[in-house]
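Please read the structure below before turning to the comments.
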Amino acid sequence: MSTSALLALASMAAVAPQATANDPSGGWLAYAVYQAGKGKTITRLKASSVVPPTPKTTLPGYLHVAWWFGVQTYNGNGALIQPIMGSINEDGNQNWNMFQEIFDWTDEYDSQNDHVVVSPGDKITAEVSTQDGRLFLMNMTSSSGKSSNFHYNLLPGQHETESAAYFVLEHAPEHCSQLPATNAWVFYDIEMEVDHKRVVDPVPLFEPKVENGACSGTFTIEKENKTITSRWKS
């Protein structure tokens, strides 16, 4: 996504010109990842979550923090395709927004659709899917009746398949109090298909990782509850 891309590109300036940027990005606090294997394609990934209370501080800034899941290549150097829930500060008003975004490392270009404001307590269901492994469809719906849809065609220069699935907490705020006081974001009703074959129990396949670890950000894989949970300290 755009901010993680800027962080990654800034870090590139300090290293040799031949270095290749990719995901995971240094802007991620923590994440959970599943690798289907090179040559395979995650043809469907779906999950739900509930919008938490608005963070208790509304300090200046645009995108304070974002939770999302999505798909990427095995080496993290292709299109990062992601339905996003973000805490947005626009015109001094703090809102929760759902939208879709793609940052494509193939041409280092970011694209996204319009943001749709949702409310605390709304159930958000999001899905990424593809029939041919090149055209990816994204949709998000809220229990309040709102929706957001987007699509993306992989660029001709991308030769790897979208074989990695991620759940991510991204964008460390200036103050951890800009994160929701719930200190947890739960993804549930997780469904996944690899090469159009349903994965019966996908949650245990994910591995939690810490990237920059800001605000004590972590992920937990809760096999019994069949949930993937992002945690932090606000």
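Not measured: the values here are computed from a predicted model. We count residues from 1, following the sequence as given.
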Side-chain donor-acceptor pair present, Thr125, Ser48, cut-off under 3.5 Å: yes

Considering all heavy atoms, the nearest Tyr109-Ser111 contact: CE2-CB, 4.1 Å

Please find the pair of heavy atoms, one from Thr229 and one from Ala184, that lie closest to each other, and give the distance. CG2-CB, 4.1 Å

Which pair of non-hydrogen atoms, one from Gly133 and one from Thr41, has the smallest distance, and what is that distance? CA-CG2, 4.3 Å

ILVMFWY cluster, Val186 and Val168 together (side-chain gap under 4.5 Å): no

Supply the atom-to-atom distance Ile190 CD1 to Met192 CE, rounded to the nearest 0.5 angstrom. 9.0 Å

Pick out which of Asn22, Asn75, Asp23 makes a side chain to side chain donor-acceptor pair (under 3.5 Å) with Trp105. Asp23

To the nearest 0.5 Å, atom NZ of Lys233 lies from atom OG1 of Thr218 at 9.0 Å

For residues Glu162 and Thr130, is any side-chain donor paired with an opposing acceptor at under 3.5 Å? no

Transitive ILVMFWY side-chain link Met98 to Tyr188, under 4.5 Å: no

Check the pair Tyr34 / Val194 against side-chain contact (heavy atoms from CB on, under 4.5 Å), numbers first and verdict last. CA-CA 11 Å; Tyr34 164 68; Val194 177; 4.2 Å; yes

Shortest non-hydrogen pair, Asp104 vs Thr106, comes out as OD1-OG1, 2.7 Å

Which value, rounded to the nearest 0.5 Å, describes the distance between Ile81 atom CD1 and Glu101 atom CD? 12.0 Å

For the residue pair Phe187 and Phe69, categorise the inter-ring angle as parallel (less than 30°), tilted (30 to 60°) or perpendicular (more than 60°). perpendicular

Count the heavy atoms belonging to other residues, nucleotides or ligands that lie under 6.0 Å from NE2 of His196, then report whether that count exceeds 12. yes

Just by modelled atom types, is the Met85 backbone N or O under 3.5 Å from a matching donor or acceptor in the Trp96 side chain? no

Would you say that Pro53 contacts Thr182 through its side chain, given a criterion of any heavy-atom pair below 4.5 Å between the two side chains? yes

Distance, nearest 0.5 Å, that separates CD of Gln100 from NE2 of His115: 9.5 Å

Atom CG in Asp189, atom NZ in Lys46: separation rounded to 0.5 Å? 8.0 Å

Taking Arg44 first and then Glu127, would you say they form a salt bridge - that is, a charged N and a carboxylate O separated by under 4.0 Å? yes

Shared-cluster residues of Leu137, by chain and number - hydrophobic side chains joined below 4.5 Å: Leu135

In terms of hydrophobic clusters joined by side-chain contacts under 4.5 Å, are Leu205 and Phe219 together? yes

Expected output: side-chain Asn95 to main-chain Asn97 donor-acceptor under 3.5 Å: no

Report the C-alpha distance between Ile228 and Ile221 in whole Å, list the side-chain angles of each, state the deciding distance to 0.1 Å, and finish with yes or no for side-chain contact (heavy atoms from CB on, under 4.5 Å). CA-CA 5 Å; Ile228 295 176; Ile221 309 302; 4.1 Å; yes

Around Glu191, counting heavy atoms of other residues, nucleotides and ligands shown, do more than 12 lie under 6.0 Å from its CD? yes

Any donor-acceptor pair under 3.5 Å from Glu160 side chain to Asn77 backbone: no

Quick check: Phe206 with Phe167 (ring centres under 6.0 Å apart)? yes

Given side-chain contact (heavy atoms from CB on, under 4.5 Å), test Val203 with Thr227 step by step and report yes or no. CA-CA 7 Å; Val203 170; Thr227 58; over 6 Å; no

Minimum heavy-atom separation for Pro173 and Leu179, please, with both atom names. CG-CG, 4.0 Å

Asn113 side chain to Asn149 main-chain N or O, any donor-acceptor pair under 3.5 Å? yes

Could you check whether any side-chain heavy atom of Pro120 comes within less than 4.5 Å of a side-chain heavy atom of Thr54, counting everything from C-beta outward? yes

May I ask you to decide if Gly86's main-chain N or O and Trp68's side chain share a donor-acceptor pair within less than 3.5 Å? no

All heavy atoms of Glu211 vs all of Pro24, minimum pair found to be OE1-CB, 3.8 Å

For a quick check under 3.5 Å, do Ser144 and Ser142 share a side-chain donor-acceptor pair by atom type? yes

List the steps and the verdict of side-chain contact (heavy atoms from CB on, under 4.5 Å) for Trp232 and Leu29. CA-CA 9 Å; Trp232 60 89; Leu29 283 68; 5.7 Å; no

Test item: Ser25 side-chain N/O and Gly27 main-chain N/O as donor-acceptor pair under 3.5 Å: yes

Name all residues meeting the ring-ring contact (aromatic ring centres under 6.0 Å, His included) criterion together with Tyr74; count only those two or more places apart in sequence or in a different chain, and write none if there are none. none

From OG1 (Thr43) to CD (Gln131), nearest 0.5 Å: 8.0 Å

Measuring only between side-chain heavy atoms, which start at C-beta, is Trp185 closer than 4.5 Å to Pro52? yes

Are the side chain of Lys226 and the backbone N or O of Asp201 linked by a donor-acceptor pair below 3.5 Å? no

For the residue pair Tyr166 and Trp28, does the interplanar ring angle fall in the parallel (under 30°), tilted (30 to 60°) or perpendicular (over 60°) class? perpendicular

Mark yes or no for whether Thr161, through its side chain, and Lys40, through its backbone, hold a donor-acceptor pair below 3.5 Å. yes

Validation row: Pro83, Val128 side chains within 4.5 angstrom (heavy atoms): yes

Spell out, as yes or no, whether a donor-acceptor pair under 3.5 Å connects the side chain of Gln158 to the backbone of Ala79. yes

Is Asp132 reaching over with its side chain to a backbone N or O of Arg134, donor-acceptor style, under 3.5 angstrom? yes

